[in-house]
Amino acid sequence: MYFLTGWPRRLLCPLRSEEEPFYIQPSFQRFYFAVLSETQLSIWFSRPSVLIVSYIESAKAAAQFGFYQKAEWKSDDSMIAVATAKGYILLFDVLGGGDDKYLYEPVYPKGSPRVKVTPGFKEEQCAPALSLEMKKPVDLEAPITSLQSLQEDLLVCTADGYLHVLHWDGIGSNGRKAICLTTIPFSLDLQSARGGPSLDLEGVYIHCMEYCVTLDGFAVVLSDGRLGFITPLSSTITADPLQGVWAADVTDGTCVAVNNKYRLMAFGCASGSVLVYMIDTTTGSMQLSHKLELTPKHYPDIYNKTGPVKFICWSPDYSVAMVTWECGGLSLWSVFGAHLICTLGEDFAYRSDGTKKDPIKISSMSWGAEGYHLWVLPYKQDRKRQEEQQEVEMVEPPHSCLQAGILQFHFIKSALTVNPCTSNQEQVLLHGEDRLYLTCGDPTQVHSTSDSHPPLHHPPNPDSSLSQGLSTLLGHRHWHVVQIHSTYLESNWPIRFSAIDTTGQCMAVAGRRGFAHYSLFTRKWKLFGNITQEQNMMVTGGLAWWNDFVVVACYNFTDQQEQLRLYQRSSNLDNAFASVTKLHADTLLLNVFRDMVILFRADCSICLYSIEKRNDSPNPSAIVELLQEVSMSRYIPHPALVVSVTLTSVRTETGITLKAPQQACMAESIMLNLAGQLIMLQRDRSGPQVREKETPANNKKLLPFCPPVVLAQCVENVWTTCRSNRKKRHLLEALWLSCGEAGMKVWLPLFPRDHRKPHSFLSRRIMLPFHINIYPLAVLFEDALVLGATNETVLYDGLQGSSEPLEALFPYCTVERTSQIYLHHILRQLLVRNLGEQALMLAQSCASLPYFPHVMELMVHVVLEEEATSREPIPDPLLPTVAKFITEFPLFLQTIVHCARKTEYALWNYLFAAVGNPKDLFEECLMAQDLDTAASYLIILQNMEVPAVSRQHATLLFNTALEQGKWDLCRHMIRFLKAIGSGEMETPPPTPTTQEPSSTGGFEFFRNRSISLSQSADSITTGKFNLQKTFSMPTGSSAKVRDVECAENMYIDMMLWRHARHLLEQVRLRDLGCFSAQLGFELIGWLCRERNRVAHIDDFVSALKKLHKDFLWPFPVIPVGSFNSPLKNGRCRTVLSTRLLKSQSADSLLNSDMDTAPPQTGPTNQTWLDRLGQRAKEMDTASSAHSNQHSPQTHDAFLSLLTSKVEEYSIGSATDLTETSSVVDGDWTMVDENSSTLSLSQAELEHISMELANKGPHKSQVQLRYLLHVFMEAGCLEWCIVIGLILRDANVIKQVIAFLDSPEVPPETVQISFFLLFYLDCFYIVLGYKPFLNLIQPQLQQLLDSSSEQVQPEAFQPASQSSKLGVAEGLGGAAVPRPEDSRGVAAPLGLGLPSIEPAGGFPRPPSEDCPPEQTEEQGEEEGTYDCTLS
């Protein structure tokens, strides 16, 4: 609402004087300030803030009259009355110095465009020269306690109990009248005035008094501390008998200030609180509305030590009150008690080193024009002490006398305070005296245009990560500051109104005369070209934007009449382009709803106008037509009481159904804020309804309005929107109210679900109150957010020492943007009222919001904190209902665990009693594959259950995480399981104890079952866990602990081994490599142990196929010499070169990968393994060099899809082929047409193409090389052969065969390896391995020769199913037929070759995970081939 900004400014009096100013009183327009010291009356001007004239009393007169005490201005600023200590009233005439007499005037350099504007308007930017003349004094013969000015009268209260009425002009004996206080009857209300109890007022006088125009009476504080209200029984106070009412139970009143706009009386009390009273319109009694007081929650040190209230000052627009106390300090409240600023706490009260400052004591204060400044007179003792310290430290001799000082605090305020028509928009607009602060626009467009002002910092908003996808209002955090054009400001200060359009790109401001507007698109202001037109109009009812037009309600001085004008934004600002409509009465308020303008006029009537854009003229203009007039004089006692008027689409009658959303667009009702009471006038649909089709468009008659209904009390602001959104009807058709200290209220529509008929007992709308932590300035309807602003302070340490100036006592103030979610409050209120169905509809409409999970957490958290910490039993707890409500959403499991993690351990039992057993919730997470959430539940279980249960669930989670490859989680689970084991011998304490959170961040585990609350919700969702448990060593022996640790490590190793065995059995070598690398698993040592068990290959064919698929490695392309396509029309034609046979397709492998392999921990007596490990490195280096030498790596092949006509070339890379499989599988062919255009020969091109076609991704190559190295180290020669075949690296096969020669190698290994190669030689010709096997034929022959003595034919016959080395099991049973059934060429050693079936399918028994149908399909996919054996 109002926000303090910057440092206070200090005004020094140019006249040297020993006297200190102690009283300040503004004129009615607040352009002049009368400042009193003991014998001196000074008048200051507001802008520029300078002293104009000072009247100093002579010593003789001062002795006669006494010192000055109070001052009061006449309403036309032509006279000042001063009360003196000896009971005299001194009257001064304030005389102007003539037309051209100015004390200060601006001087411009020569050639400046601003020199000599139109004569006659210059005085607006100059400080006038005034003089003061004293008239005849009036002696009232008693000390004067209070002065109050009326139109032509001056009321003076004296300490002898009299109320004097003096005429300003005829201050003689004839113009004087005295009323004795004892003659005024006081009662508790006006009804019991004649017969009820009355106050005894003997010896009592009026201590303080202020007149309230809208209540037509005086709020008074009596000398005995009682509070009262005096009102004339008929029209005028001077002639009629007076009647008083008093407030019961209050006897410590100190001061009073009245609020004319809201009809409130604020009484300061000796206890330090401010009581705000209203007058009951029916009985006339004084009723307490609310209190303004500091709370022990926010100000624990000072709330009861402030002393009595010294002053209360309402701002000029009556929207805020400033309060100061005897002990000092300033505090600002909104009209209905929302606390905005207090200088008794935080940076205002403490220095940066933590020492306490003395609060500044204030002797008097007053608001400046439009509330942009607060003029404050510091208490003289404070100032003298400061000045004396300065004098001691000054170098020059202290010959000069003390200088009087005035502090000027600067404020910026919301545009809603004076121009409430901006409440139907979703922007926040604040205005200071010379600049505007906006929150609107796109961050790419909006950056500050003014570098001269200090930036308004904004702290990191907790919601900032949520702003994606929201409206641009949250897209950036900084204010966009627009400096108001200085030419307009100089002649029209102060700015009275400001408005912003719905897009947030155009602003308009209106000062004393005329107006100006600004566009963010052009970054320019538009001012009236003709200054006479500007000075001839004054905006009276406010400004608003309608599309591209500024709508202005103004008074025309030339025609002396009120007008409604529309100016087009893109045209020049000139009356020639304006649409002007004459009005019959003064306009007080204006608002726009869709294509309608609503005006509230001084005769208490409301007018509705329609606006229509006219496009026929060259300059776009608008047509304005009067639609309807509504008289409100019966309901409104005084026109100044209407705070805002709004046209809305809100309605309550039975017309609200889900079938009629189009009615949401119509102007259905008028909302009127009458002194804080929200009044609604709905259209009367009770009469006969005429169908819209039957009436012509031009004479459609609007329905009359029903009598008004009061919706709410204590309303400061109202927000509604004219947009409609079928998905979020609850939020867009609601009415939002700001109610001061009561927080906010929403008037929410209730819709029947699924087009059902509404219940007759269910009301159409419901009013729900909720508290928020910020002062609301705008509502984002669809985003379910409230936008606001808040004051922040920055301490300044540059001025050290005892003589810091008065301003340095105050920190530097900034205004920062804030926002707050309100959805959880509304959902909770609906659930409390058993409206769960409505809550569900509302929540589902908002489920797509990025912070919806946070909303759910907040709702659970707030209800849990309230109910679990309640001292009395709750008869109808809400938490089970909330838990049931959240289960409707998929976020249920995350919401509960995140809420539990942020709540103290003591409340967990209450939470899980309502939401369910954490063990069950953990299992639900596992079933839903939500492992991150399951890990969070593990923390809960570890704190609530015995270690055995924690271990059981942790093992489940660990296994699942291993299976899904969540390596981060696996690492934390390993650490967690170890921690559980080491803490198992301890019994957990019965009560939770606190423990310092460890510095590792993330999830902490504690032996004492206490939980760290430092984890934020954001980090939970990222999946990065840090499970850690801190524990103390048990008291038993260290051997015991070592045993436990060994057992725990063994337990974890067993799980890791089991998983590795599982991966190897399923031929998931890529996963095995990741598993080893991520968890630091010692793969080589484990493979050494498992070499003859699980590391032995059972089914060579499927292993080879699986590796091809796993590593996205293409099958080798078949050379033409040994392959003929059976397919007709050349659909699968391949053009290849046999040069491929001599090339290798391996890229170089980084030797560092090999060097950093984990050390092998195999059996001790393995000399051949040792040699194998040493030679593996040499082999890798050799093969890498060989491949680099022979395989070009940077050429692209030209590939095209084979069609009947080859028309286009397409350039493909290696991955184009390798992602699917080999060239054979697709309809691809090498392009051999137009080969003359290429620089390469046909053979070279084919060679390059074959290279690319046979090569997998580089990453897969590196991984395969690494695995090859690991298997070599571990001595798993079968896997080495398979990987060597895939890489088609002859060096690898030669190396393995060389090792098979070694006498240490077990004969089984030799047999298996030989059979593997021979089997593939026979069986895999079709997949292109034959050329490669031909390449290594000499080595194979050598292997045959060396092993012919020990290898017998029976070794390869399926003798025993249970034999681990049995070929029947190893090759899948049916893959190797019995010798007697075999067909084909006889092989050496009498081995029968597998039969090659005519159909070409590869018969294979269906495995567990591959049903027979699938096997058949795979066979068909591979195609049918004719094969010839060479």
I need the minimum non-hydrogen distance between [X] and [Y], along with the two atoms involved.
{"X": "L1083", "Y": "S1076", "value": "CB-OG, 3.7 Å"}
{"X": "K1106", "Y": "Q1066", "value": "NZ-O, 3.3 Å"}
{"X": "L1264", "Y": "I1283", "value": "O-CG2, 3.8 Å"}
{"X": "P1257", "Y": "L1112", "value": "CD-O, 3.3 Å"}
{"X": "C1088", "Y": "E1273", "value": "SG-O, 4.5 Å"}
{"X": "A934", "Y": "L957", "value": "CB-CD1, 3.9 Å"}

Could you check whether any side-chain heavy atom of [X] comes within less than 4.5 Å of a side-chain heavy atom of [Y], counting everything from C-beta outward?
{"X": "F1271", "Y": "V1282", "answer": "no"}
{"X": "C1280", "Y": "L1268", "answer": "yes"}
{"X": "T881", "Y": "V863", "answer": "no"}
{"X": "T903", "Y": "L911", "answer": "no"}
{"X": "V1262", "Y": "K1259", "answer": "no"}
{"X": "F922", "Y": "T933", "answer": "no"}

Spatial distance of atom [atom1] ([X]) from atom [atom2] ([Y]) [nearest 0.5 Å]:
{"X": "L962", "Y": "L1056", "atom1": "CG", "atom2": "CG", "result": "6.5 Å"}
{"X": "E1090", "Y": "R1093", "atom1": "CD", "atom2": "CZ", "result": "4.5 Å"}
{"X": "C899", "Y": "L907", "atom1": "SG", "atom2": "CG", "result": "9.5 Å"}
{"X": "S950", "Y": "M944", "atom1": "OG", "atom2": "CE", "result": "11.0 Å"}
{"X": "H824", "Y": "C846", "atom1": "NE2", "atom2": "SG", "result": "13.0 Å"}

_Applying side chain to side chain contact (heavy atoms under 4.5 Å, CB included) to F885 and M859, what does each step give before you reach the verdict?_
CA-CA 11 Å; F885 175 76; M859 184 162 66; 3.5 Å; yes

*Using the side-chain contact (heavy atoms from CB on, under 4.5 Å) rule, pick out the option among V915, V860, L827 that qualifies with I886.*
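Running side-chain contact (heavy atoms from CB on, under 4.5 Å) over V915, V860, L827 with I886 returns exactly one hit, V860.
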
Is it the case that the side chain of [X] and the backbone of [Y] share a donor-acceptor pair, with hydrogens and angles ignored and the cut-off at 3.5 Å?
{"X": "H953", "Y": "V949", "value": "yes"}
{"X": "Y937", "Y": "L893", "value": "yes"}
{"X": "N943", "Y": "I939", "value": "yes"}

*Should the pair R951 and Y1051 be classed as cation-pi, given the thresholds of under 6.0 Å to the six-membered ring centre and 45° from the axis?*
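Yes, R951 lies over the aromatic ring of Y1051.
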
_Quick check with a 6.0 Å cut-off and a 45 degree axis cone: is R1089 positioned over the face of W1057's six-membered ring?_
yes

*Residue pair L1287, W1113: steps toward the side chain to side chain contact (heavy atoms under 4.5 Å, CB included) verdict*: CA-CA 9 Å; L1287 292 170; W1113 201 270; 4.1 Å; yes

*Is any NZ, NE, NH1 or NH2 atom of the basic residue among E857 and K902 found under 4.0 Å from an Asp or Glu carboxylate oxygen of the other?*
yes

*Does D1110 pair with K1105 as a salt bridge, N-O distance under 4.0 Å?*
no

*asked:* Using the ring centroid of each side chain, check whether F889 and F852 are separated by less than 6.0 Å.
replied: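 Here the rings of F852 and F889 have centres that are less than 6.0 Å from each other.
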
_Derivation of the side chain to side chain contact (heavy atoms under 4.5 Å, CB included) call for I940 and F912_ = CA-CA 10 Å; I940 310 290; F912 288 106; 3.5 Å; yes

*Hey, can you tell me if H1059 and H1062 have their rings parallel, tilted or perpendicular (30° and 60° cut-offs)?*
tilted

*Output, in order, the C-alpha distance, side-chain angles, deciding distance and verdict of side chain to side chain contact (heavy atoms under 4.5 Å, CB included) for W1279 and V1270.*
CA-CA 10 Å; W1279 281 110; V1270 168; over 6 Å; no

